[in-house]
Amino acid sequence: MAKFEIKFFDVTVDKDYIKVETYEYPDTGLKDICIEIKTEENASSMVMLDKSTAIKFAKTLRTEINKIES
């Protein structure tokens with residue numbers, strides 16, 4: 001499987017981004033979704049989600065986006 005990542009850059013500061021990628025644990029072969037938020041000051045936060053939690057998160061995010069558009 002090809003490895004790829006999606007980065008969403010902040011237009012005002014080149015060093016700020018949100019990166020979403022699949023992470024495979026070396027010993028077990030299990031995979032999780034990794035969401036990393038990096039700021040200009042090199043502060044970094046990372047969230048690891050299993051597949052079912054990532055699906056629930058995506059549904060919740062879409063619901064909240066629809067609330068904004070209404």
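Just the heavy atoms: all of them, side chains too, but no hydrogens, waters or symmetry mates, feed the values below.
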Chemist: Rounded to the nearest 0.5 Å, how far does OH of Y23 lie from CD1 of I35?
Modeler: 16.0 Å
Chemist: Where do D16 and T39 come nearest, in terms of heavy atoms and distance?
Modeler: OD1-C, 3.0 Å
Chemist: Is any side-chain heavy atom of M48 less than 4.5 Å from a side-chain heavy atom of Y25?
Modeler: yes
Chemist: For I33 and T22, which heavy atoms make the closest approach, and how far apart are they?
Modeler: CD1-OG1, 4.2 Å
Chemist: Atom CD1 of I68 and atom OG1 of T63: how far apart are they, to the nearest 0.5 Å?
Modeler: 11.5 Å
Chemist: Would you say F57 and V47 make side-chain contact, with heavy atoms under 4.5 Å?
Modeler: no
Chemist: To the nearest 0.5 Å, what is the distance between CD on E21 and NZ on K31?
Modeler: 12.5 Å
Chemist: Quick one: CD1 on I37 to CE on M46, what's the gap to the nearest 0.5 Å?
Modeler: 10.5 Å
